[in-house]
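See structure below.
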Amino acid sequence: MVFTLLQHPPAWNLPSIDVACIEAQVYLRLAGAAFQVEDVPTRVGAEQIPALEDGDEVVMASESGGIPAYLRETKGIDLDSALTAAERADAEALSALAHLRLRAALHYSLWLEEANYKLCQHAYAPALPFPLNRVLAYLAHKQADAQFQTGEVDAAHVRAEVYRQAERAYAALATRLGEQRYFFGNRPSRVDAAVFAHLLFLEKAPLVETSLKTSAFSHPNLVKYVKRLELEVLSARPDMPREPPPFTRTPGQSSRRGWWGGKVKKEDTRSEEEKRLTSRAWYFVGAQVAAVIAYVVFSSLEVEEVELEEDYEED
Amino acid sequence: MASETEAASPDTAGEVSGFSEVVFESTEQTPTVSEESNEEAPSSNAMLPPGDVFRPEDLQQIRSAPCRIHDIIIEGAKRTKPHVIERELEEARAAGNFTELAERLVEATERLRGLDIFQKCVVTCEAGPSELPGTTNVVVSVVEKGLFGVRAGTYFQGREGSVEGSVSMRNAFGYAEQLDASIQRSREISNTFSLGLAVPRPALRARVFQSNSNWQDLSSYIERLRGCQVSTDAGDHEIDYQLAWRELRDPAGKAGRSVRRQLGHSLLSSVTHTYRLENRDSRLRPTQGWGLRVTSQLAGLGLDSNLVRFIKEEVEGHVAFPLGFGGAALGLGATAGFLLPLGLGGVKKPTSISDRFFLGGPNSLRGFKHRGVGPSEPRRILEEPKPGAPPPPRDALGGDFVLSGVAALSFDLPVRLLQALNVHGHVFVAAGNSVLVHGGQPPVSARDFLRGFRASAGVGIVYPSPIGRLEINYSRPLRIQEGDNAQAFQIGFNVSSP
């Protein structure tokens with residue numbers, strides 16, 4: 001039985017732009033479940049993603065127990081099967097630490113650090129047209145604002161507190177890991193999926209404001225841990241079936257098609273990307289205005305039919 | 001006075017009398033004609049023969065006598081800008097003789113009333129300056145409508161009742177513009193807020209809106225649209241541009257495989273052209289004539305390749321024949337539509353569920369529930385079904401290609417009172433099918449498509465009320481497939497006969 005993992009699309013050389021999706025992938029790989037990945041680029045920011053499809057059934061990571069509970073209960077697939085009862089209790093606590101403290105800190109860093117937010121604006125919804133992609137990024141930013149109540153209490157205080165809590169969590173995790181291979185000895189557990197996904201994100205994402213990264217990688221054993229697992233987990237199974245994303249290009253594909261079917265080369269440096277987006281915005285606005293005027297002036301069927309035909313041939 | 005009746009009877013007078021507020025005032029030179037008359041000669045000393053006797057050839061002379069507008073005097077326009085009224089009289093200014101002038105003033109009055117900003121609008125002619133014979137001053141005397149209008153109501157449409165309220169501001173800036181804000185709420189999550197602006201010349205309507213449509217019970221999703229719309233019409237044509245942010249979500253997490261992949265955000269930039277021809281004697285109870293509606297939508301206007309792109313075409317035709325007894329008439333109607341995705345990936349990717357065609361319901365395929373016919377899919381099973389429980393609900397997916405038809409025989413009911421109210425009965429047979437074509441669907445042959453037709457037959461009572469056609473039907477499905485939802489009793493409401 002091959003599962004299908006619905007996930008937010010990849011970005012920044014990460015398996016997905018969303019930590020929860022990376023974690024789901026890592027969990028499935030560590031548990032040895034055969035799965036294929038399907039990107040859902042239009043469901044930007046949706047909490048129902050990641051979701052694991054199993055035939056007609058589906059389980060969403062945000063539901064209680066999430067993917068691990070579903071796999072354990074219905075498929076007998078359990079990454080934590082070798083853990084003792086006490087270790088399971090520890091695993092529960094440690095993954096809660098990663099899910100609550102670390103994810104909150106990363107969320108803060110991504111959306112409320114001005115420099116990182118600029119980065120997110122471009123990467124957040126690449127499969128959606130301007131200006132919708134920017135609007136959605138802005139809404140995510142505003143939501144983070146509300147979540148951390150930065151408007152109501154002293155913003156600097158909130159920031160310091162969030163990072164301090166993350167720092168303590170990193171220290172606790174580093175101590176717990178020690179020089180072990182995984183958090184519970186020689187066998188991976190769901191704690192590894194949660195912590196590795198987070199650390200991998202910090203390592204790969206080109207964040208400008210890096211206090212979170214600095215604080216995590218000040219622990220040498222965490223640095224070694226993420227490097228080793230990266231080799232082990234992400235490159236160990238290159239034959240992993242991967243369905244081509246149905247709706248969007250992946251970052252690997254370098255060209256995309258414009259309206260008239262010509263190839264529009266995708267720039268790779270960010271400043272140029274910004275320029276391209278801006279000019280695209282202006283073309284867009286111009287085209288809308290021109291279209292409205294044209295239809296008002298010519299208001300006849302012929303105009304429309306010409307466009308229909310050209311469009312059809314393009315495909 | 002005999003001449004007056006004669007003057008009022010032929011051609012132009014017949015038209016003029018329909019608009020009794022168009023009054024041409026009498027002048028000193030023609031004391032024989034009273035003020036209530038619809039038609040009178042303008043000031044032209046040379047035109048009238050001496051004496052009181054008015055001969056038919058004089059009438060002819062008056063009609064062809066040169067007459068043009070010297071000045072337009074506007075009375076009672078407090079907010080309305082003069083040019084708004086003057087531009088409607090532009091054609092009348094070009095008139096050269098009396099008949100032409102009279103006809104054009106009637107048309108102008110009609111147009112002025114069509115602006116919907118005047119309570120009363122009277123156009124009268126006075127004699128022009130005495131040094132300029134053959135001229136007239138047109139006096140436009142108006143009473144403006146109130147600035148604010150409030151409207152509220154409840155109605156039942158499709159499958160749920162809703163409450164609607166709107167506030168409008170009429171002609172506030174004097175350009176005959178209409179501003180309105182409206183709210184519509186239904187029992188469920190569905191609601192619409194919109195803000196509209198309409199100007200008469202050029203005929204443009206703009207609207208900013210947000211709407212939520214709750215399709216959770218039929219297709220497991222809620223659609224939210226936020227955007228703007230600009231439309232204009234000329235004769236039978238209407239062009240409409242829409243730019244909307246569309247979000248589909250499934251808060252209950254019940255959607256099946258296909259609908260799950262439909263969720264998310266998209267941006268729709270589309271132009272829609274609608275061509276309407278209506279030759280039926282009545283929209284509510286047609287007994288003769290035919291009607292046609294062709295709607296073409298092109299989505300994806302813009303340079304961004306990530307915009308939603310498709311072509312959607314829908315043709316709807318109706319024809320009615322009187323049978324010549326008991327008020328009976330035979331009505332035939334057919335609808336065909338297709339949806340073709342464009343752009344990246346082309347026909348390989350599925351079309352959006354919000355653009356697709358759905359069949360079922362009293363206005364589309366009687367005898368079946370709303371969205372009750374066509375491709376569907378099992379929903380996510382959240383709890384184990386108990387034995388003996390009804391089959392789990394399915395998600396209606398809609399079709400990329402649709403074809404449906406209806407034949408109905410309408411007749412008078414043998415009750416005087418009902419006949420007086422125009423309440424009538426009908427028997428009908430309806431059939432239709434819709435299929436998904438794009439996005440990795442197995443190809444459907446024409447034969448399979450026709451074989452897959454669903455059909456129903458039934459009887460009903462129709463009340464053509466002033467606001468629309470209300471019908472109550474009882475029908476039985478003749479052909480039905482697994483996954484379809486039939487409905488025996490249905491109440492339908494429509495602004496025109498399907």
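Heavy-atom basis, side chains included; hydrogens, waters and symmetry copies ignored. A quick note: this is a predicted structure, and the numbers were derived from the prediction, not measured.
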Handout entry: Within 6.0 Å of CD in A:Gln147, more than 12 heavy atoms from elsewhere
Key = yes

Exercise for the section: For atom CD of A:Glu47, decide whether the heavy atoms of other residues, nucleotides or ligands shown that lie under 6.0 angstrom number more than 12. Expected result: no

From [atom1] ([X]) to [atom2] ([Y]), nearest 0.5 Å:
X        : Y        : atom1 : atom2 : value
A:Arg43  : B:Glu247 : CZ    : CD    : 9.5 Å
A:Leu132 : B:Arg246 : CG    : CZ    : 11.5 Å
A:Glu53  : B:Arg380 : CD    : CZ    : 10.0 Å
A:Asp56  : B:Glu377 : CG    : CD    : 7.5 Å

Handout entry: Pairs involving residues 136-145 of chain A, ordered by first then second residue, that meet salt bridge (Lys or Arg N to Asp or Glu O under 4.0 Å) (sequence neighbours left out)
Key =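 Found A:Lys142-A:Asp145.
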
Handout entry: Engaged part of B:Arg260 at the chain A interface, taking heavy atoms whose separation is under 4.5 Å
Key = both

List the atom of [X], the atom of [Y], and the distance in Å for their closest heavy-atom pair.
X        : Y        : result
A:Pro131 : B:Leu267 : CD-CD2, 4.0 Å
B:Leu307 : A:Pro129 : CD2-CG, 3.9 Å
B:Leu263 : A:Thr42  : O-OG1, 3.1 Å
A:Val44  : B:His265 : O-NE2, 3.9 Å

Handout entry: Contacts of B:Ala252 that satisfy side chain to side chain contact (heavy atoms under 4.5 Å, CB included) - sequence neighbours left out
Key = B:Gln216, B:Asp250, B:Lys254

Problem - Flag side-chain contact, heavy atom, 4.5 Å: A:Leu136 against B:Trp245 - result: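 SC-SC contact between A:Leu136 and B:Trp245 confirmed.
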
Exercise for the section: Please flag which part of A:Glu63 lies under 4.5 Å from any non-hydrogen atom of chain B: side chain, backbone, both or neither. Expected result: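 Looking at A:Glu63, just its side chain touches chain B.
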
